[in-house]
Engineer: 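To start, I am sharing the structure in question, which I have written as structure tokens.
Below, chain A is the first sequence line, B the second, and so on; all start at residue 1.
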Amino acid sequence: MLSEAHLLERCNAIEGMSFSQLAMALQLRIPTHPLQRKGWLGQAVELALGTTAGNQSRPDFIELGIELKTLPINQSGKPAESTFVTTIPLLTVHQQTWQNSTCFAKLRRVLWLPVEGDTRIAFEHRRLGQALLWSPTPDEEAILCQDWSELTFMIGTGRLEKIDARYGEYLQVRPKAANAKSLCYGFNEEGGRFLTLPRGFYLRTRFTEALLGRHGL
DNA sequence: AAGTGATCATAA
DNA sequence: TTATGATCACTT
């Protein structure tokens, strides 16, 4: 039975490794083209730590309810990118509540793995940092809940096209698609359906930056 | 430089 | 196509 302690031991075992050392240990090849290695590290770390969710809409470590997120840190010591949380089922998300939402399921407990994301360092030389097992504070959760509720309400009431990435204090809604041709259905203002880009919830960098700061990282 | 919108890889 | 893993690239 996997426990949080076991999980942290696994993290200790890979801490400090370079991406190429990790690839070696897992017998993986790092794609040569930068465009082809998006997401590579995340998949490699999943393999190394033994996640169990596959492509289900559930936290990576199902039994523990823990979501795994790599967090690239730029040359300024801050998160280089926003963090994708979950795809939004545009036609049904309004039936969820924050407490039973897939978004909260993934954010209630997160294993953050900071990694070097400084583009001046060759990809294969970047190293894995120290993992952090985290949960939102009540204050953070209140704002996440507020963001989620407002955005979900807009989606459910046909105002999706009015939403852009500027909405939300911690959470934002942005496209999450293979390309502009990959479409799905959402509600229009008449309550009918229209084709639109798939969307996802993302955490702003100012949020992940602050949570790292609170833990002295 | 930061932030938003667009895109890339893989599995089922 | 849907989910997962994200970062790229252009605008501001």
Engineer: B/dA2 P sits how many Å from A/Arg206 CZ, rounded?
Structural biologist: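 Computing the A/Arg206:CZ to B/dA2:P distance gives 13 Å.
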Engineer: Walk along nucleotides 4-12 of chain B from 5' to 3' and tag each nucleotide B, S or - by protein heavy-atom contact under 4.0 Å, base first, then sugar-phosphate.
Structural biologist: SBBBBS-B-
Engineer: Would you mind listing every ring-ring contact (aromatic ring centres under 6.0 Å, His included) that reaches into residues 38-93 of chain A, with sequence neighbours excluded?
Structural biologist: A/Phe84-A/Tyr202
Engineer: With sequence neighbours excluded, what pairs up with A/Glu116 under the salt bridge (Lys or Arg N to Asp or Glu O under 4.0 Å) test?
Structural biologist: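 A/Glu116: salt bridge (Lys or Arg N to Asp or Glu O under 4.0 Å) contacts with A/Arg127.
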Engineer: Of A/Leu132, A/Asp60, A/Leu49, A/Thr70, which meets side-chain contact (heavy atoms from CB on, under 4.5 Å) against A/Leu111?
Structural biologist: A/Leu49
Engineer: List, by chain and number, the other hydrophobic cluster members for A/Leu35, where Ile, Leu, Val, Met, Phe, Trp and Tyr join if side-chain heavy atoms come within less than 4.5 Å, directly or indirectly.
Structural biologist: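 Listed partners: none, A/Leu35 stands alone.
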Engineer: Would you say A/Arg199 and A/Leu90 make side-chain contact, with heavy atoms under 4.5 Å?
Structural biologist: yes
Engineer: Whole angstrom is fine here: how far is it from CZ in A/Arg58 over to C1' in C/dT2?
Structural biologist: 17 Å
Engineer: Remember a base hit wins even if backbone is also touched, and classify A/Glu67 as base, sugar-phosphate or nothing at under 4.0 Å, heavy atoms.
Structural biologist: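 Result for A/Glu67 = sugar-phosphate.
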Engineer: Taking salt bridge (Lys or Arg N to Asp or Glu O under 4.0 Å) as the test, write out the residues that go with A/Lys176, two or more places apart.
Structural biologist: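 A/Lys176: no salt bridge (Lys or Arg N to Asp or Glu O under 4.0 Å) contacts found.
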Engineer: A/Ile88 CD1 to C/dT4 C1': how many Å, rounded?
Structural biologist: 15 Å
Engineer: Please classify the nucleic acid contact of A/Thr87 as base, sugar-phosphate, or nothing, using heavy-atom distances under 4.0 Å.
Structural biologist: base
Engineer: Could you name each residue pair satisfying ring-ring contact (aromatic ring centres under 6.0 Å, His included) that touches residues 159-194 of chain A, not counting sequence neighbours?
Structural biologist: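 Applying ring-ring contact (aromatic ring centres under 6.0 Å, His included) to every pair that reaches into residues 159-194 of chain A, excluding sequence neighbours, yields A/His94-A/Phe187, A/Tyr170-A/Phe207.
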Engineer: Could you tell me whether A/Gln130 atom CD has more than 12 heavy atoms of other residues or ligands within 6.0 Å of it?
Structural biologist: no
Engineer: Does A/Thr83 put a side-chain nitrogen or oxygen below 4.0 Å from OP1 or OP2 of C/dA6?
Structural biologist: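 So the side-chain polar atoms of A/Thr83 never come under 4.0 Å of the phosphate oxygens OP1 or OP2 of C/dA6.
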Engineer: Roughly, in whole Å, what's the span from CZ in A/Phe84 to C1' in C/dT7?
Structural biologist: 13 Å
Engineer: Rounded to whole angstroms, how far apart are CG on A/Leu41 and P on C/dT7?
Structural biologist: 8 Å
Engineer: Over how many whole Å does the gap from A/Phe61 atom CZ to C/dT4 atom P extend?
Structural biologist: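 About 16 Å, once rounded to whole Å.
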Engineer: Which of the following nucleotides, C/dA3, C/dA6, C/dT7, is nearest to the side chain of A/Pro72?
Structural biologist: C/dT7
Engineer: Take the protein atom CG of A/Leu28 and the nucleotide atom C1' of C/dG5, then report the distance between them rounded to whole Å.
Structural biologist: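 These atoms are roughly 13 Å apart.
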Engineer: If we fit an axis to the first five pairs and another to the last five of the helix from B/dA1-C/dT12 to B/dA12-C/dT1, what angle do they make, to the nearest 10°?
Structural biologist: 30°
Engineer: Per the ring-ring contact (aromatic ring centres under 6.0 Å, His included) rule, what does the pair list look like for residues 114-133 of chain A, sequence neighbours excluded?
Structural biologist: A/Phe19-A/Phe123
Engineer: Please tell me which of A/Trp40 and A/Pro34 maps to the more 5' nucleotide of DNA chain C, matching each residue to the nucleotide holding its nearest heavy atom.
Structural biologist: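 Nearest nucleotide further toward 5': that of A/Trp40.
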Engineer: Just how far is it from atom CD of A/Glu209 to atom CD1 of A/Ile73, taken to the nearest 0.5 Å?
Structural biologist: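 So the CD of A/Glu209 and the CD1 of A/Ile73 are separated by 9.0 Å.
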Engineer: Check this for me: A/His215, atom NE2, are more than 12 non-hydrogen atoms of other residues, nucleotides or ligands nearer than 6.0 Å?
Structural biologist: yes
Engineer: Test A/Glu141 against A/Trp98 for side chain to side chain donor-acceptor pair (under 3.5 Å), laying out the working first.
Structural biologist: CA-CA 10 Å; A/Glu141 196 194 316; A/Trp98 166 249; 3.2 Å; yes
Engineer: Would you say A/Glu63 has more than 12 foreign heavy atoms packed within less than 6.0 Å of its CD?
Structural biologist: yes
Engineer: What distance do A/Leu160 atom CG and A/Thr196 atom OG1 have between them, rounded to the nearest 0.5 Å?
Structural biologist: 5.0 Å
Engineer: Any protein N or O atoms within reach of nucleotides 10-12 of chain C? Criterion: under 3.5 Å, listing atom names and distances.
Structural biologist:
none

Engineer: Nearest 0.5 Å, please: how far is OG1 in A/Thr52 from CG in A/Leu64?
Structural biologist: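 Nearest 0.5 Å value for the CG-OG1 distance: 8.0 Å.
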Engineer: Rounded to whole Å, please give me the gap between CG in A/Leu91 and P in C/dT2.
Structural biologist: 10 Å
Engineer: Just jot down the salt bridge (Lys or Arg N to Asp or Glu O under 4.0 Å) partners of A/Arg214, sequence neighbours excluded, or say none.
Structural biologist: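 If we apply the salt bridge (Lys or Arg N to Asp or Glu O under 4.0 Å) test to A/Arg214, skipping adjacent residues, the hits are A/Glu140.
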Engineer: Quick one, A/Leu183 and A/Leu197 - any side-chain contact, counting heavy atoms below 4.5 Å?
Structural biologist: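 The answer is yes, as the side chains (C-beta and beyond) meet within the 4.5 Å cut-off.
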Engineer: Does anything in residues 94-118 of chain A reach DNA chain C, meaning a heavy atom under 4.0 Å, and if so which residues?
Structural biologist: A/Lys106
Engineer: Taking only heavy atoms on the protein side, list every residue of residues 140-151 of chain A lying under 4.0 Å from any atom of DNA chain B, sorted numerically.
Structural biologist: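 Output list: empty, so none.
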